[in-house]
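This is a predicted model, so every value here is computed, not measured. In listed order, ligands and their atoms are each counted from 1.
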Amino acid sequence: MEKDADGFYSPAAPGISGQKEQPAEEADDATDLIKSSFEVSVTLADQQADPNSPLYSAKTFEQLGLHADLLKGIYDMGFSKPSKIQERALPLLLSNPPTNMIGQSQSGTGKTAAFVLTMLSRVDFTKNKTQALCLAPSRELARQIMSVVVAMGKFTPVQTEYAIKDSLPKGASRVSAQVVVGTPGTMTDLIRRKVIDVSEVKVFVLDEADNMLDQDGLGDQTLRVKNMLPRTGVQIILFSATFPDHVRTFAAKFAPSANKIELQKNDLTVDNIHQFYLDCKNEEHKYDVLVSLYELLTIGQSIIFCQHRHTADRIAQRMTLEGHKVASLHGAKDASERDSIIDSFREGREKVLITTNVIARGIDILQVNMVVNYDLPLLNERDNWGNKSDARPDIETYIHRIGRTGRFGRKGISINFVHDKGTWAHMEQIESATGKHIQRIGTNDLDEMESK
Ligand code: ADP
Ligand code: MG
C-alpha cells in the first residue's frame, strides 16, 4: 500500500472499521484495522479514478502550480491526488491577476484545501502583516479551518491568529499574523478597534458563503468586514455546498466578476450518504426511538440535530440519567465549554453528540457515520405583514446536516424522524428539492441495520 494513503487513513480506520464492512463485534485487533484501511483506500482510489465522482481528478497536485513547501504539507496530510473541486478551482484561484471565485461543490469534497492553499500561496511570509482573512459561521468551524491552515502550512513560516470570542489575551493591542481565521462578529470588532490592520489584506475567504451572506443572518456583519477592507486588490473567495437563489444575486455583487463553479440540483448531495426516515407516533415517541437507536449510534460516531437548544439539552439530560453516554453542544454554552466538547467528540471520547444547527455546517469528523434529524430543519416564513407564518423545511441546512457524514467518499447514513403530517410534508419537499429518494425504515428493520 502507498505510504501516504496509509498515513492518511490510519487515523480514520477505527471509525470506519466499525462502520459497515464488518460487524463491530468482529472488529478486534490490528489485522482488522489493516484490512479495513486497505479496503477504504481501494474505495477512495476507485472513486478518485471515476470521472463521475466529485473526488475525481485528471491532474496531480504538482500540475496545479503549488509551491514546493505547500506540496510537502499536502503530502504530509496524506492527500495523494486533488479532488474535482481542487483541480478545477485551484488553477483559477492561483492565476494572476487574482480573480474572485464563487465555488460550489458537495459536502466533504475538499473545498477547504482549495481556499487554504490559495491563502497560503498569496501570503508574503517576509512581511509581518495580515494578508489573508477567512470567515466561518461558527467558532468550531473556524478552529477546524485553522487546523488545516497550520497543517498545510507546516513547512512554511506562516503566522496565524484567531478572531473568535475569547481567543486573544485581554488587552492584546495588535495582531500581525499573516492569516486570520474567525467569525464575523469578533472579526468586525478587532478590525474596528485596529487590533487587526487590514490595509495589506489581499485574500478574503467566506467558507459556508451562502450562510455568511444571508440577509436574515450573518450577512450584515460579513458585509461590514468587507467594507473595512481595501477597495481594490482583494481577491474574494466564496465557497459552499449550497447557493440558494435568494443569495446568488448578493453573492455576485459581493464577489464581482467572479469565476463560478456551480452544481446542478440533482448533484447537491453525494450518493455515499444513504438517506432514511423513521415513522414515529408522536413527539414523545421520537425520544423512545432515539434511545432504542443508541447501540446503533455508538457503533461509529453520530450527531443528533434538534431545532432548539432546549430540546438538545433535555434529550441529553434524559439519556444521561438513563445511563447513556451523550454530549450536547449549542450556542448558549460558553466558548471554553464548546471547545472542550467538540474536541472530545473529535478525539472519539464522546460517541454521540446532540446539537443544533450551530455545527450543521463544515464540521469534518471522518468517524461520524450517522446523522439523525431528530427535528427536521425549519425556516419561518414571514408574510407581507411581517408575521411569522407556516414553517417550511430549510433545504440548505438539511443538505449540510447530512453532509456531516460521508466525508470524502466514505459511507454514511442519515435518519429523519417523521412524526406527523407536517414533518411528512416537509420531508417530501426536501426529497423533491434535492431530487433524492429518502427510504423508509421500520422500527423492526433497525435490528437488521444494526447487524449490517
Ligand atoms: P468540504 O469543505 O468540501 O465539505 P473538507 O474540505 O472538509 O470538505 O474535506 C473533507 C475531507 O476530505 C477532509 O477530511 C479532508 O482532509 C479530506 N480531503 C480533502 N482533500 C483531499 C484529497 N485531495 N485527498 C484526500 N483527502 C482529502
Ligand atoms: Mg467545508
Side-chain angles (χ1 to χ4, degrees), residues 2 4-13 15-16 37 40-41 43-49 53-64 66 70-71 73-90 103-119 134-138 140-152 181 205-212 237-243 261 263 267-270 272-273 346 359-368 396 399-410 412:
E2 289 289 315
D4 45 16
D6 195 13
F8 175 62
Y9 280 106
S10 47
I16 285 167
S37 59
V40 171
S41 68
T43 312
L44 177 63
D46 288 351
Q47 293 196 42
Q48 288 213 280
S53 163
L55 307 185
Y56 171 78
S57 162
K59 293 212 174 72
T60 60
F61 281 114
E62 277 80 2
Q63 287 169 284
L64 299 178
L66 295 157
L70 293 176
L71 287 175
I74 292 168
Y75 292 127
D76 192 63
M77 289 177 81
F79 296 7
S80 39
K81 264 184 98 186
S83 64
K84 188 179 273 180
I85 185 69
Q86 291 161 4
E87 172 187 52
R88 292 180 65 195
L90 277 165
Q104 186 182 14
S105 107
Q106 300 91 337
S107 59
T109 57
K111 293 182 287 294
T112 318
F115 65 75
V116 167
L117 289 169
T118 309
M119 292 196 288
C134 174
L135 290 180
S138 68
E140 287 77 11
L141 184 53
R143 293 176 71 232
Q144 176 183 298
I145 293 168
M146 185 64 97
S147 73
V148 178
V149 174
V150 170
M152 296 209 148
V181 182
V205 177
L206 302 184
D207 194 13
E208 308 299 343
D210 58 324
N211 191 207
M212 304 301 293
I237 302 173
L238 313 182
F239 269 111
S240 183
T242 52
F243 279 99
I261 299 176
L263 285 176
D267 282 337
L268 286 171
T269 59
V270 286
N272 45 298
I273 304 172
R346 215 179 264 288
I359 60 154
R361 285 173 175 258
I363 298 303
D364 177 61
I365 300 175
L366 304 179
Q367 298 87 329
V368 172
E396 283 70 38
I399 291 168
H400 289 277
R401 281 183 180 184
I402 67 167
R404 291 323 93 220
T405 185
R407 308 296 293 165
F408 213 77
R410 288 168 183 77

Is Gly108 in polar range of ligand 1, meaning some N or O pair under 3.5 Å apart?
-> yes
Going by heavy-atom distance to atom 3 (O) of ligand 1, choose the closest among Glu87, Lys111, Met77.
-> Lys111
Please say whether Gln144 places an N or O atom under 3.5 Å from an N or O atom belonging to ligand 1.
-> no
Of all the atoms in ligand 1, which lie at a distance below 4.0 Å from a heavy atom belonging to Phe61?
-> 23 (N)
Ligand-residue contact atoms, ligand 1 with Arg407, heavy atoms, under 4.0 Å | 1 (P), 4 (O), 5 (P), 7 (O), 8 (O), 10 (C)
Hey, does the side chain of Thr405 reach the backbone of Val368 with a donor-acceptor pair shorter than 3.5 angstrom?
-> yes
Measure from the side-chain N and O atoms of Gln47 to the backbone N and O of Leu55, and report whether any donor-acceptor pair falls under 3.5 Å.
-> no
Consider every N or O of Thr112 and every N or O of ligand 1, then say whether any pair is closer than 3.5 Å.
-> yes
So, is Ser80 polar-close to ligand 1, with some N/O to N/O distance under 3.5 Å?
-> no
Return the orientation label for the Phe239 and Phe115 ring planes: parallel under 30°, perpendicular over 60°, tilted otherwise.
-> tilted
May I ask you to say whether Asp364 pairs ionically with Lys111, meaning some side-chain N is under 4.0 Å from a carboxylate O?
-> no
Between Ile365, Ile74, Ile363, Asp364, which one has a non-hydrogen atom sitting closest to atom 10 (C) of ligand 1?
-> Asp364
Hey, does Gln106 sit under 4.0 Å from ligand 1 if you only count heavy atoms?
-> yes
Sidechain-backbone polar pair: Gln144 side chain, Gly362 backbone, donor-acceptor under 3.5 Å = yes
May I ask you to check if ligand 1 and Ser105 share an N or O to N or O distance below 3.5 Å?
-> no
Can you list the ligand 1 atoms lying under 4.0 Å from a non-hydrogen atom of Leu366?
-> 14 (O)
Measure from the side-chain N and O atoms of Ser57 to the backbone N and O of Lys81, and report whether any donor-acceptor pair falls under 3.5 Å.
-> no
Numbered atoms of ligand 1 (with element) below 4.0 Å of Lys81, judged on heavy atoms = 22 (C), 23 (N), 24 (N)
Ignoring hydrogens and geometry, is there a side-chain-to-backbone donor-acceptor pair from Ser53 to Ala49 under 3.5 Å?
-> no
Polar side-chain atom of Gln48 near backbone of Pro82 as donor-acceptor pair, under 3.5 Å = yes
Could you say whether the N/O atoms of Ser107 and ligand 1 ever approach to under 3.5 Å?
-> no
Within the side chain of Glu140, is there an N or O that forms a donor-acceptor pair under 3.5 Å with the backbone of Ile363?
-> no
